[in-house]
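Below: one structure, written as C-alpha coordinates.
Here is the naming used below: chain letters follow the sequence lines, and residue numbers restart at 1 for every chain.
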There are 2 protein chains.
Amino acid sequence: MPESDPRLQRFADFLARSGLKTTRQRERIVRAFFAAGRHLSAEELYHRIQTQDPGIGLVTVYRTLKLLRRAGLATGRQFGDTYTRFDPNPADWPHDHLICKRCGKIQEFEDAGLHSLREKVARRLGFTVTEHKLELYGFCRDCARLGTGRAARGRSAARTA
Amino acid sequence: MPESDPRLQRFADFLARSGLKTTRQRERIVRAFFAAGRHLSAEELYHRIQTQDPGIGLVTVYRTLKLLRRAGLATGRQFGDTYTRFDPNPADWPHDHLICKRCGKIQEFEDAGLHSLREKVARRLGFTVTEHKLELYGFCRDCARLGTGRAARGRSAARTA
DNA sequence: TCAGAAATTGACAGTCATTTTCAATATGGA
DNA sequence: TCCATATTGAAAATGACTGTCAATTTCTGA
Ligand SMILES: [Mn+2]
Ligand SMILES: [Mn+2]
Ligand SMILES: [Zn+2]
Ligand SMILES: [Zn+2]
(Lines give C-alpha, C1' and ligand atoms only; values in the text may rest on other atoms or scores of the structure.)
(Ligands and ions follow the chains in the order given, each with its own letter.)
Protein backbone atom coordinates (compact mmCIF):
# COMPACT_ATOMS: atom_id res chain seq x y z
CA MET A 1 0.00 0.00 0.00
CA PRO A 2 2.18 2.84 -1.26
CA GLU A 3 -0.17 5.48 0.11
CA SER A 4 2.44 8.13 0.78
CA ASP A 5 4.46 8.70 -2.36
CA PRO A 6 7.27 11.12 -1.49
CA ARG A 7 6.81 12.71 -4.89
CA LEU A 8 3.44 14.07 -3.82
CA GLN A 9 5.15 15.90 -1.00
CA ARG A 10 7.88 17.17 -3.30
CA PHE A 11 5.23 18.55 -5.62
CA ALA A 12 3.40 20.25 -2.75
CA ASP A 13 6.69 21.80 -1.68
CA PHE A 14 7.37 23.00 -5.20
CA LEU A 15 3.98 24.69 -5.37
CA ALA A 16 4.41 26.40 -2.01
CA ARG A 17 7.96 27.50 -2.79
CA SER A 18 6.75 28.94 -6.11
CA GLY A 19 3.82 30.82 -4.66
CA LEU A 20 1.35 28.52 -6.40
CA LYS A 21 -1.74 26.93 -4.95
CA THR A 22 -2.75 23.41 -4.15
CA THR A 23 -6.03 22.56 -5.81
CA ARG A 24 -8.32 19.57 -5.96
CA GLN A 25 -7.48 19.17 -9.66
CA ARG A 26 -3.73 19.22 -9.18
CA GLU A 27 -4.01 16.70 -6.37
CA ARG A 28 -5.99 14.28 -8.48
CA ILE A 29 -3.81 14.70 -11.53
CA VAL A 30 -0.44 14.13 -9.92
CA ARG A 31 -1.82 11.24 -7.87
CA ALA A 32 -3.13 9.51 -10.99
CA PHE A 33 0.09 10.26 -12.82
CA PHE A 34 2.39 8.71 -10.23
CA ALA A 35 -0.02 5.84 -9.58
CA ALA A 36 0.09 4.87 -13.25
CA GLY A 37 3.84 4.59 -13.19
CA ARG A 38 4.06 4.44 -16.97
CA HIS A 39 4.98 6.78 -19.79
CA LEU A 40 1.55 8.30 -20.33
CA SER A 41 0.37 10.91 -22.77
CA ALA A 42 -1.65 13.86 -21.50
CA GLU A 43 -4.72 12.39 -23.12
CA GLU A 44 -4.23 8.99 -21.51
CA LEU A 45 -3.83 10.56 -18.11
CA TYR A 46 -6.90 12.69 -18.75
CA HIS A 47 -8.99 9.62 -19.50
CA ARG A 48 -7.90 7.84 -16.35
CA ILE A 49 -8.97 10.83 -14.32
CA GLN A 50 -12.24 11.23 -16.17
CA THR A 51 -13.51 7.93 -14.83
CA GLN A 52 -13.21 9.25 -11.29
CA ASP A 53 -13.59 13.00 -11.57
CA PRO A 54 -15.29 14.07 -14.80
CA GLY A 55 -14.97 17.68 -13.79
CA ILE A 56 -11.31 18.03 -14.70
CA GLY A 57 -10.42 19.45 -18.09
CA LEU A 58 -7.71 18.28 -20.46
CA VAL A 59 -6.21 21.75 -20.38
CA THR A 60 -5.59 21.46 -16.67
CA VAL A 61 -3.90 18.12 -17.20
CA TYR A 62 -1.55 19.75 -19.68
CA ARG A 63 -0.89 22.61 -17.30
CA THR A 64 -0.20 20.34 -14.37
CA LEU A 65 2.18 18.18 -16.38
CA LYS A 66 4.06 21.33 -17.25
CA LEU A 67 4.36 22.13 -13.56
CA LEU A 68 5.61 18.63 -12.84
CA ARG A 69 8.31 19.21 -15.42
CA ARG A 70 9.32 22.47 -13.83
CA ALA A 71 9.43 20.68 -10.49
CA GLY A 72 11.82 18.08 -11.91
CA LEU A 73 9.27 15.34 -11.31
CA ALA A 74 8.47 14.52 -14.92
CA THR A 75 10.08 14.66 -18.32
CA GLY A 76 8.40 15.05 -21.68
CA ARG A 77 9.48 12.41 -24.14
CA GLN A 78 9.01 12.02 -27.83
CA PHE A 79 9.02 8.36 -28.80
CA GLY A 80 7.78 7.34 -32.19
CA ASP A 81 4.30 8.82 -31.75
CA THR A 82 2.79 12.14 -32.75
CA TYR A 83 2.26 13.14 -29.15
CA THR A 84 4.39 13.65 -26.04
CA ARG A 85 4.63 11.02 -23.35
CA PHE A 86 5.46 11.98 -19.80
CA ASP A 87 8.09 10.14 -17.83
CA PRO A 88 7.30 9.94 -14.09
CA ASN A 89 10.94 9.52 -13.11
CA PRO A 90 12.86 12.29 -11.41
CA ALA A 91 14.65 14.43 -13.99
CA ASP A 92 17.98 13.70 -12.36
CA TRP A 93 17.90 10.03 -13.27
CA PRO A 94 19.21 10.04 -16.84
CA HIS A 95 18.15 6.69 -18.23
CA ASP A 96 17.53 5.26 -21.67
CA HIS A 97 14.64 3.42 -23.32
CA LEU A 98 14.01 0.26 -25.25
CA ILE A 99 10.76 0.37 -27.18
CA CYS A 100 9.04 -2.72 -28.56
CA LYS A 101 7.51 -1.95 -31.92
CA ARG A 102 4.94 -4.71 -31.58
CA CYS A 103 3.49 -4.68 -28.07
CA GLY A 104 4.56 -1.14 -27.25
CA LYS A 105 6.42 -2.07 -24.09
CA ILE A 106 8.85 0.61 -23.00
CA GLN A 107 11.69 -0.71 -20.90
CA GLU A 108 13.95 1.64 -19.02
CA PHE A 109 17.59 0.96 -18.38
CA GLU A 110 20.82 2.55 -17.28
CA ASP A 111 24.26 1.40 -18.25
CA ALA A 112 27.37 2.99 -16.86
CA GLY A 113 29.61 1.64 -19.61
CA LEU A 114 27.38 3.05 -22.29
CA HIS A 115 27.29 6.35 -20.50
CA SER A 116 31.03 6.73 -20.15
CA LEU A 117 31.71 5.60 -23.70
CA ARG A 118 29.26 8.22 -24.93
CA GLU A 119 31.11 10.86 -22.96
CA LYS A 120 34.41 9.75 -24.36
CA VAL A 121 33.21 9.85 -27.96
CA ALA A 122 31.74 13.31 -27.47
CA ARG A 123 34.89 14.64 -25.84
CA ARG A 124 36.98 13.36 -28.71
CA LEU A 125 34.83 15.52 -30.98
CA GLY A 126 35.22 18.56 -28.76
CA PHE A 127 31.73 18.50 -27.30
CA THR A 128 30.68 18.93 -23.71
CA VAL A 129 27.53 16.90 -23.18
CA THR A 130 24.82 18.11 -20.83
CA GLU A 131 21.91 15.89 -21.86
CA HIS A 132 21.40 12.89 -24.03
CA LYS A 133 18.64 10.87 -25.55
CA LEU A 134 18.97 7.23 -26.52
CA GLU A 135 16.11 5.14 -27.76
CA LEU A 136 16.46 1.62 -29.05
CA TYR A 137 13.54 0.36 -31.14
CA GLY A 138 12.94 -3.29 -31.85
CA PHE A 139 11.23 -6.30 -30.30
CA CYS A 140 11.05 -7.49 -26.75
CA ARG A 141 11.74 -11.10 -25.94
CA ASP A 142 8.11 -12.19 -26.18
CA CYS A 143 7.42 -10.39 -29.42
CA ALA A 144 10.66 -11.52 -31.03
CA ARG A 145 9.64 -15.11 -30.29
CA LEU A 146 6.26 -14.61 -31.95
CA GLY A 147 7.87 -12.99 -34.94
CA THR A 148 10.12 -15.95 -35.59
CA GLY A 149 8.55 -18.27 -38.14
CA ARG A 150 5.21 -17.18 -39.59
CA ALA A 151 4.03 -13.58 -39.53
CA ALA A 152 3.17 -12.50 -36.02
CA ARG A 153 -0.45 -13.14 -35.00
CA GLY A 154 -1.69 -10.70 -32.36
CA ARG A 155 -1.41 -7.30 -33.98
CA SER A 156 -2.34 -5.19 -30.97
CA ALA A 157 0.04 -2.48 -29.82
CA ALA A 158 -1.17 -1.37 -26.43
CA ARG A 159 1.59 0.56 -24.77
CA THR A 160 2.60 -1.20 -21.61
CA ALA A 161 5.18 0.97 -19.87
CA MET B 1 32.48 21.83 -58.65
CA PRO B 2 30.23 19.04 -57.50
CA GLU B 3 27.89 19.50 -60.43
CA SER B 4 26.84 15.87 -60.76
CA ASP B 5 25.64 14.63 -57.43
CA PRO B 6 24.96 10.92 -57.76
CA ARG B 7 21.97 11.34 -55.48
CA LEU B 8 20.19 13.32 -58.18
CA GLN B 9 20.50 10.36 -60.47
CA ARG B 10 19.33 7.99 -57.80
CA PHE B 11 16.26 10.13 -57.29
CA ALA B 12 15.54 10.23 -61.01
CA ASP B 13 15.83 6.45 -61.08
CA PHE B 14 13.50 6.13 -58.14
CA LEU B 15 10.89 8.24 -59.88
CA ALA B 16 11.11 6.29 -63.12
CA ARG B 17 11.03 2.97 -61.34
CA SER B 18 7.94 4.08 -59.42
CA GLY B 19 6.06 5.37 -62.41
CA LEU B 20 6.37 8.94 -61.19
CA LYS B 21 7.30 11.99 -63.19
CA THR B 22 10.24 14.32 -63.22
CA THR B 23 9.11 17.91 -62.85
CA ARG B 24 10.73 21.30 -62.70
CA GLN B 25 9.68 21.60 -59.07
CA ARG B 26 11.11 18.29 -57.98
CA GLU B 27 14.38 19.06 -59.74
CA ARG B 28 14.76 22.38 -57.97
CA ILE B 29 13.78 21.02 -54.60
CA VAL B 30 16.12 18.03 -54.48
CA ARG B 31 18.96 20.12 -55.92
CA ALA B 32 18.56 22.74 -53.23
CA PHE B 33 18.20 20.07 -50.57
CA PHE B 34 21.41 18.25 -51.43
CA ALA B 35 23.27 21.47 -52.09
CA ALA B 36 22.47 22.70 -48.59
CA GLY B 37 24.01 19.61 -47.06
CA ARG B 38 22.49 20.37 -43.66
CA HIS B 39 19.61 19.14 -41.55
CA LEU B 40 16.96 21.49 -42.91
CA SER B 41 13.30 21.81 -42.05
CA ALA B 42 10.74 21.86 -44.87
CA GLU B 43 10.20 25.55 -44.23
CA GLU B 44 13.92 26.34 -44.42
CA LEU B 45 14.26 24.49 -47.68
CA TYR B 46 11.17 26.25 -48.97
CA HIS B 47 12.68 29.65 -48.22
CA ARG B 48 15.93 28.82 -49.97
CA ILE B 49 14.00 27.88 -53.06
CA GLN B 50 11.73 30.91 -52.88
CA THR B 51 14.65 33.22 -53.54
CA GLN B 52 15.24 31.53 -56.88
CA ASP B 53 11.89 30.16 -57.94
CA PRO B 54 8.98 31.85 -56.16
CA GLY B 55 6.54 29.65 -58.03
CA ILE B 56 7.07 26.59 -55.88
CA GLY B 57 4.69 25.94 -53.02
CA LEU B 58 5.52 24.73 -49.53
CA VAL B 59 3.16 21.81 -50.07
CA THR B 60 5.27 20.55 -52.92
CA VAL B 61 8.38 20.80 -50.79
CA TYR B 62 6.72 18.59 -48.19
CA ARG B 63 5.62 16.14 -50.85
CA THR B 64 9.04 15.94 -52.43
CA LEU B 65 10.74 15.40 -49.09
CA LYS B 66 8.36 12.52 -48.52
CA LEU B 67 9.45 11.05 -51.84
CA LEU B 68 13.10 11.45 -50.90
CA ARG B 69 12.37 9.49 -47.76
CA ARG B 70 10.72 6.72 -49.73
CA ALA B 71 13.73 6.68 -52.01
CA GLY B 72 16.04 6.19 -49.05
CA LEU B 73 17.75 9.51 -49.76
CA ALA B 74 16.55 11.41 -46.71
CA THR B 75 15.44 10.77 -43.16
CA GLY B 76 13.06 12.78 -41.06
CA ARG B 77 14.52 13.70 -37.69
CA GLN B 78 13.07 15.12 -34.54
CA PHE B 79 15.69 17.04 -32.64
CA GLY B 80 14.65 19.38 -29.87
CA ASP B 81 12.43 21.52 -32.09
CA THR B 82 8.71 21.43 -32.80
CA TYR B 83 9.26 20.58 -36.44
CA THR B 84 10.91 17.85 -38.47
CA ARG B 85 14.39 18.25 -39.89
CA PHE B 86 15.46 16.29 -42.93
CA ASP B 87 18.75 14.46 -43.02
CA PRO B 88 20.32 14.35 -46.50
CA ASN B 89 22.32 11.23 -45.77
CA PRO B 90 21.42 7.88 -47.28
CA ALA B 91 19.08 5.98 -44.98
CA ASP B 92 21.51 3.08 -44.78
CA TRP B 93 24.11 5.10 -42.92
CA PRO B 94 22.99 4.84 -39.31
CA HIS B 95 24.81 7.64 -37.54
CA ASP B 96 24.31 9.69 -34.40
CA HIS B 97 24.19 13.43 -33.65
CA LEU B 98 25.81 15.93 -31.35
CA ILE B 99 23.77 19.11 -31.04
CA CYS B 100 25.19 22.37 -29.70
CA LYS B 101 22.58 24.14 -27.62
CA ARG B 102 24.17 27.53 -28.18
CA CYS B 103 25.12 27.86 -31.86
CA GLY B 104 22.89 25.07 -33.07
CA LYS B 105 25.65 23.16 -34.82
CA ILE B 106 24.72 19.56 -35.50
CA GLN B 107 27.68 17.25 -35.79
CA GLU B 108 27.30 13.75 -37.16
CA PHE B 109 29.37 10.83 -36.01
CA GLU B 110 29.59 7.09 -36.09
CA ASP B 111 31.29 4.94 -33.50
CA ALA B 112 31.54 1.20 -33.85
CA GLY B 113 32.29 0.65 -30.19
CA LEU B 114 29.23 2.58 -29.14
CA HIS B 115 27.16 0.65 -31.61
CA SER B 116 28.24 -2.78 -30.45
CA LEU B 117 27.95 -1.88 -26.79
CA ARG B 118 24.40 -0.72 -27.42
CA GLU B 119 23.60 -4.04 -29.03
CA LYS B 120 25.09 -5.92 -26.15
CA VAL B 121 23.12 -4.01 -23.52
CA ALA B 122 19.88 -4.51 -25.45
CA ARG B 123 20.51 -8.22 -25.90
CA ARG B 124 21.12 -8.60 -22.20
CA LEU B 125 17.62 -7.21 -21.65
CA GLY B 126 16.10 -9.56 -24.19
CA PHE B 127 15.55 -7.01 -26.92
CA THR B 128 16.30 -7.31 -30.59
CA VAL B 129 17.14 -3.85 -31.87
CA THR B 130 16.19 -2.79 -35.37
CA GLU B 131 16.65 0.98 -35.14
CA HIS B 132 18.10 3.42 -32.71
CA LYS B 133 18.26 7.10 -32.04
CA LEU B 134 21.05 8.78 -30.11
CA GLU B 135 21.34 12.50 -29.64
CA LEU B 136 23.87 14.20 -27.40
CA TYR B 137 23.06 17.77 -26.44
CA GLY B 138 25.63 20.17 -25.08
CA PHE B 139 28.20 22.66 -26.30
CA CYS B 140 30.64 22.48 -29.16
CA ARG B 141 34.27 23.42 -28.61
CA ASP B 142 33.80 27.06 -29.56
CA CYS B 143 30.69 27.59 -27.51
CA ALA B 144 32.06 25.79 -24.47
CA ARG B 145 35.04 28.16 -24.56
CA LEU B 146 32.73 31.19 -24.59
CA GLY B 147 30.68 29.82 -21.76
CA THR B 148 33.67 29.41 -19.48
CA GLY B 149 33.94 32.39 -17.16
CA ARG B 150 31.27 35.06 -17.57
CA ALA B 151 27.88 34.34 -19.07
CA ALA B 152 28.20 33.75 -22.79
CA ARG B 153 27.88 36.89 -24.91
CA GLY B 154 26.56 36.15 -28.40
CA ARG B 155 23.10 34.68 -27.81
CA SER B 156 22.31 33.76 -31.42
CA ALA B 157 21.35 30.22 -32.22
CA ALA B 158 21.44 29.91 -36.01
CA ARG B 159 21.47 26.24 -36.84
CA THR B 160 24.65 25.44 -38.67
CA ALA B 161 24.49 21.81 -39.70
C1' DT C 1 4.40 15.20 -83.81
C1' DC C 2 0.49 14.89 -80.98
C1' DA C 3 -3.48 13.13 -78.30
C1' DG C 4 -4.88 11.83 -73.98
C1' DA C 5 -4.49 9.15 -69.77
C1' DA C 6 -2.32 9.69 -65.60
C1' DA C 7 0.53 12.23 -62.50
C1' DT C 8 1.43 16.78 -60.42
C1' DT C 9 0.69 21.21 -58.62
C1' DG C 10 -0.81 25.02 -55.54
C1' DA C 11 -4.42 27.17 -53.02
C1' DC C 12 -7.23 26.17 -49.43
C1' DA C 13 -9.40 23.67 -45.99
C1' DG C 14 -8.89 20.12 -42.46
C1' DT C 15 -6.43 17.64 -38.64
C1' DC C 16 -4.23 17.00 -34.36
C1' DA C 17 -1.64 18.02 -30.28
C1' DT C 18 -0.85 21.67 -27.56
C1' DT C 19 -1.25 26.67 -26.03
C1' DT C 20 -3.59 31.05 -25.28
C1' DT C 21 -7.46 33.84 -23.94
C1' DC C 22 -10.77 35.19 -20.72
C1' DA C 23 -14.62 35.39 -17.61
C1' DA C 24 -15.99 32.86 -13.60
C1' DT C 25 -14.30 30.55 -9.39
C1' DA C 26 -11.30 28.78 -5.75
C1' DT C 27 -7.37 29.36 -2.54
C1' DG C 28 -4.84 30.82 1.47
C1' DG C 29 -2.52 34.54 4.04
C1' DA C 30 -3.72 38.68 6.77
C1' DT D 1 -13.80 36.30 7.12
C1' DC D 2 -11.87 39.16 3.37
C1' DC D 3 -9.86 39.62 -0.89
C1' DA D 4 -5.73 39.92 -3.91
C1' DT D 5 -4.15 36.27 -6.70
C1' DA D 6 -3.92 32.11 -8.65
C1' DT D 7 -6.68 28.68 -11.12
C1' DT D 8 -9.99 26.64 -14.01
C1' DG D 9 -12.62 25.16 -18.21
C1' DA D 10 -14.56 26.34 -22.57
C1' DA D 11 -13.57 27.99 -26.70
C1' DA D 12 -10.59 29.98 -29.93
C1' DA D 13 -5.87 30.11 -31.64
C1' DT D 14 -1.59 28.03 -33.07
C1' DG D 15 1.71 25.48 -35.86
C1' DA D 16 3.16 21.75 -38.48
C1' DC D 17 1.66 19.12 -41.37
C1' DT D 18 -1.87 16.33 -44.70
C1' DG D 19 -6.14 15.84 -47.71
C1' DT D 20 -9.03 17.73 -51.48
C1' DC D 21 -9.73 19.33 -55.95
C1' DA D 22 -9.72 21.85 -60.26
C1' DA D 23 -6.25 23.34 -63.37
C1' DT D 24 -1.81 22.14 -65.49
C1' DT D 25 2.08 19.29 -66.88
C1' DT D 26 4.38 15.08 -68.21
C1' DC D 27 5.23 11.26 -71.05
C1' DT D 28 3.77 7.26 -73.61
C1' DG D 29 2.53 5.25 -77.72
C1' DA D 30 -0.02 5.85 -82.02
MN1 LIG E 1 11.67 6.60 -18.66
MN1 LIG F 1 22.53 13.27 -39.79
ZN1 LIG G 1 6.87 -6.61 -27.32
ZN1 LIG H 1 28.23 25.75 -30.59
### Query
Is there a side chain to side chain contact (heavy atoms under 4.5 Å, CB included) between B:Ile29 and B:Ile56 once you walk through the steps?
CA-CA 9 Å; B:Ile29 293 169; B:Ile56 294 178; 4.0 Å; yes
May I ask you to say what [X] touches in the nucleic acid, namely base, sugar-phosphate or nothing, with a heavy-atom cut-off under 4.0 Å?
X       : value
A:Gln25 : sugar-phosphate
B:Leu58 : nothing
B:Thr22 : sugar-phosphate

### Message
On DNA chain D, does the nearest nucleotide to B:Arg24 precede the nearest nucleotide to B:Thr84 from the 5' side, or the other way round? Give the residue.
### Response
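First, find each residue's nearest nucleotide; the 5'-ward one identifies B:Thr84.
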Rounded to whole angstrom units, what separation is found between the [atom1] atom of [X] and the [atom2] atom of [N]?
X       : N      : atom1 : atom2 : answer
B:Arg85 : D:dG15 : CZ    : P     : 17 Å
A:Tyr46 : D:dT8  : OH    : P     : 14 Å
B:Asp81 : D:dC17 : CG    : P     : 10 Å
B:Phe86 : D:dA16 : CZ    : C1'   : 10 Å
B:Glu27 : D:dC27 : CD    : C1'   : 15 Å
A:Ile49 : D:dT8  : CD1   : C1'   : 14 Å
A:Leu20 : D:dT8  : CG    : C1'   : 14 Å
A:Leu67 : D:dT7  : CG    : C1'   : 11 Å

### Query
Quick one: how far along DNA chain C does chain A reach, first to last nucleotide 5' to 3', anything under 4.0 Å to a heavy atom?
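Contact boundaries, 5' end first: C:dA17 to C:dG28.
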### Message
Would you say that B:Leu8 contacts B:Phe34 through its side chain, given a criterion of any heavy-atom pair below 4.5 Å between the two side chains?
### Response
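With C-beta onward as the side chain, the pair touches.
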Main chain of [Y], side chain of [X]: is a donor-acceptor contact present, judged purely on distance under 3.5 Å?
X       : Y       : result
B:Arg7  : B:Pro88 : yes
B:His95 : B:Trp93 : yes
A:Gln52 : A:Ile49 : no

#### Entry: Base D:dT25 paired with B:Lys21 side chain (donor-acceptor, <3.5 Å)
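Per atom types, no contact qualifies.
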### Message
Ignoring hydrogens and geometry beyond distance, is the side chain of A:Arg63 in donor-acceptor contact with the base of D:dG9 at under 3.5 Å?
### Response
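Looking at the base of D:dG9, it does pair with a donor or acceptor on the side chain of A:Arg63 (distance under 3.5 Å).
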### Query
Below 4.0 angstrom, N of the basic side chain to O of the carboxylate: do A:Glu131 and B:Lys101 qualify?
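So A:Glu131 pairs with B:Lys101 through a salt bridge.
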### Query
The side chain of B:Thr23 lies closest to which of these nucleotides: D:dT26, D:dA10, D:dT8?
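That would be D:dT26.
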### Query
Are B:Phe79 and B:His97 near enough that their ring centres are under 6.0 Å apart?
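Between B:Phe79 and B:His97, the centre distance is under 6.0 Å.
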